[in-house]
Colleague: 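Pasting a structure below so you can have a look.
Order of listing sets the numbers, starting from 1, for every ligand and every atom in it.
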Amino acid sequence: MELADFAISRLGNASLPSPLVNHVFVDDDARVCYDTDAETVARYIKEGKPIPSFERAGARAKIFHDPAWSKAAILTAGGLCPGLNEVVKFLTLTLMNRYKVPVVYGIQYGYKGLNPVNRLSPIMLTPEMVDAIHEQGGTILGSSRGEEDTGIIVDTLARMNINMLFCIGGDGTSRGAHDIAMEIKRRGLAISVIAIPKTIDNDISFIDKSFGFSSAVLAAGPVVTCAHTEAKGAYNGVGLIKVMGRDSGFIAAYTTLSNPFVNYCLVPERPFTLDGDSETALLPHLVKRLEAKHHAVILVAEGAGQDLFASQSNQRDASGNKLHQDIGLLLKDEITKYCKKHNVPLTLKYFDPGYTIRSVKAEGEDAVFCSMLANGAAHAAMSGRTDMMIGHWSGAFTHVPIALATSARKKLDLGSPLWSTVRDMTVF
Ligand code: F6P
């Protein structure tokens with residue numbers, strides 16, 4: 001990585017004094033190292049190269065946008081995720097209570113709300129209006145998938161004199177935010193575009209976690225307990241659970257470790273076969289386990305084992321993501337057939353808590369994380385940063401160029417301590 005990859009765009013010189021009183025400001029040049037191992041940092045120093053690093057997030061003493069003349073807009077896009085309302089609430093509070101921004105619009109149904117053809121009027125957000133929204137899962141603004149014309153979106157922002165746009169979403173939403181920022185730049189407008197990383201899949205690169213992920217893991221825990229109870233309650237009982245995780249197995253891996261009743265954790269990053277002699281053949285392994293223990297809990301991420309389907313699908317969702325075939329149902333059928341063929345008694349109970357774990361509200365530290373991300377996003381926008389995502393890296397809040405964050409999907413590293421711990425806690 002080069003230092004230039006981490007450069008954050010600014011709309012112009014921040015020359016206005018911040019209205020925040022008694023605030024600890026972050027130095028404009030403060031940075032957070034990308035590489036956390038001492039050897040790599042020492043090598044950069046020895047070679048005289050700049051150390052790749054993120055801008056540190058936080059309030060600046062000098063800001064770009066004049067709060068009294070500002071109009072902010074917030075939208076939520078993509079699939080639901082715990083914490084959306086927390087982020088909407090804390091953005092509104094920081095902008096209105098702290099900076100005294102007079103107008104904060106809630107844009108309805110993601111980017112759709114910025115295209116007049118959809119006839120969706122904005123919601124006027126106020127501290128009173130957002131007071132209790134953190135108690136609800138989902139998003140009070142509504143969300144949607146799919147693209148809207150970037151030029152029309154920027155026309156709307158310009159027509160409404162909006163000078164700060166906050167896009168809360170995953171990588172599709174963030175790519176959309178990047179296109180908007182590019183169009184704004186092409187037109188020479190002074191509108192900050194800030195992305196806030198939401199996804200229960202935790203698959204955004206260059207941030208150590210997205211908000212909503214840990215609440216989804218927490219919500220998956222009781223389902224594992226139920227699957228285990230059902231599995232133990234029958235002779236050769238199998239509790240089979242499918243969780244989300246389109247291309248990355250973080251929810252499955254974390255759920256396995258947070259409630260280690262799971263015996264088999266199947267993720268997209270680790271291929272496996274159904275039958276055969278290899279150590280990655282699931283069905284013979286499962287039968288041996290049933291013969292020895294008479295129960296098993298299997299947790300599969302939706303993107304796992306896609307190569308096991310006879311024909312491959314090319315279907316995509318409105319965000320352009322590949323739609324996966326149902327690995328949970330395939331495993332249910334294949335386990336049943338295999339046990340029948342080998343005269344192995346089986347009682348299989350199938351659980352699909354997909355939407356149940358993402359429609360809950362954010363809990364505990366995740367809620368704190370939402371509030372701090374929102375706060376950092378508001379400070380970044382006020383300082384005139386744009387085309388960036390508010391992030392988190394080795395204990396610090398950071399600014400990440402959207403192009404960098406969306407350059408690749410984050411995947412489970414099968415050589416990481418996380419995955420070795422999963423392997424140590426499971427049997428396959
Ligand atoms: O947000 C990502 C995700 O949770 C994926 O794991 C899953 O494939 C997708 O959302 C499903 O969302 P929807 O059914 O709303 O399109």
Colleague: Give me the nearest non-hydrogen protein atom to atom 16 (O) of ligand 1 as residue plus atom name, then the distance to 0.1 Å.
Modeller: Arg145 NE, 2.9 Å
Colleague: May I ask you to list the atoms of ligand 1 that are less than 4.0 angstrom from any heavy atom of Ile200?
Modeller: 4 (O)
Colleague: Measure from atom 12 (O) of ligand 1 to every heavy atom in Lys198, Arg358, Met244 and give the option owning the shortest one.
Modeller: Arg358
Colleague: Inspect the contact between Arg60 and Asp28 and indicate whether a charged nitrogen and a carboxylate oxygen are less than 4.0 angstrom apart.
Modeller: yes
Colleague: Kindly assign one of parallel, tilted or perpendicular to the pair Phe261 and His228, based on the angle between their ring planes and the thresholds 30° and 60°.
Modeller: parallel
Colleague: So which heavy atom in the protein is nearest atom 8 (O) of ligand 1, and how far is it from that ligand atom?
Modeller: Glu302 OE2, 2.6 Å
Colleague: Which of the numbered atoms in ligand 1 are below 4.0 angstrom from a heavy atom of Tyr355?
Modeller: 13 (P), 14 (O)
Colleague: Could you establish whether Gly78 and ligand 1 come within less than 4.0 Å of each other, counting only heavy atoms on the residue side?
Modeller: no
Colleague: Regarding Arg31 and Ser53, is there a side-chain donor-to-acceptor distance under 3.5 Å anywhere?
Modeller: yes
Colleague: Give me the atom names and distance for the closest heavy-atom approach of Ala216 to Pro82.
Modeller: N-CG, 4.2 Å
Colleague: Is any NZ, NE, NH1 or NH2 atom of the basic residue among Glu302 and Arg246 found under 4.0 Å from an Asp or Glu carboxylate oxygen of the other?
Modeller: no
Colleague: Taking the inter-plane angle between the rings of Phe397 and Phe369 on a 0 to 90° scale, is it parallel (under 30°), tilted (30 to 60°) or perpendicular (over 60°)?
Modeller: tilted
Colleague: What's the shortest distance from atom 2 (C) of ligand 1 to any protein heavy atom, and which residue and atom give it?
Modeller: Asp201 OD2, 3.6 Å
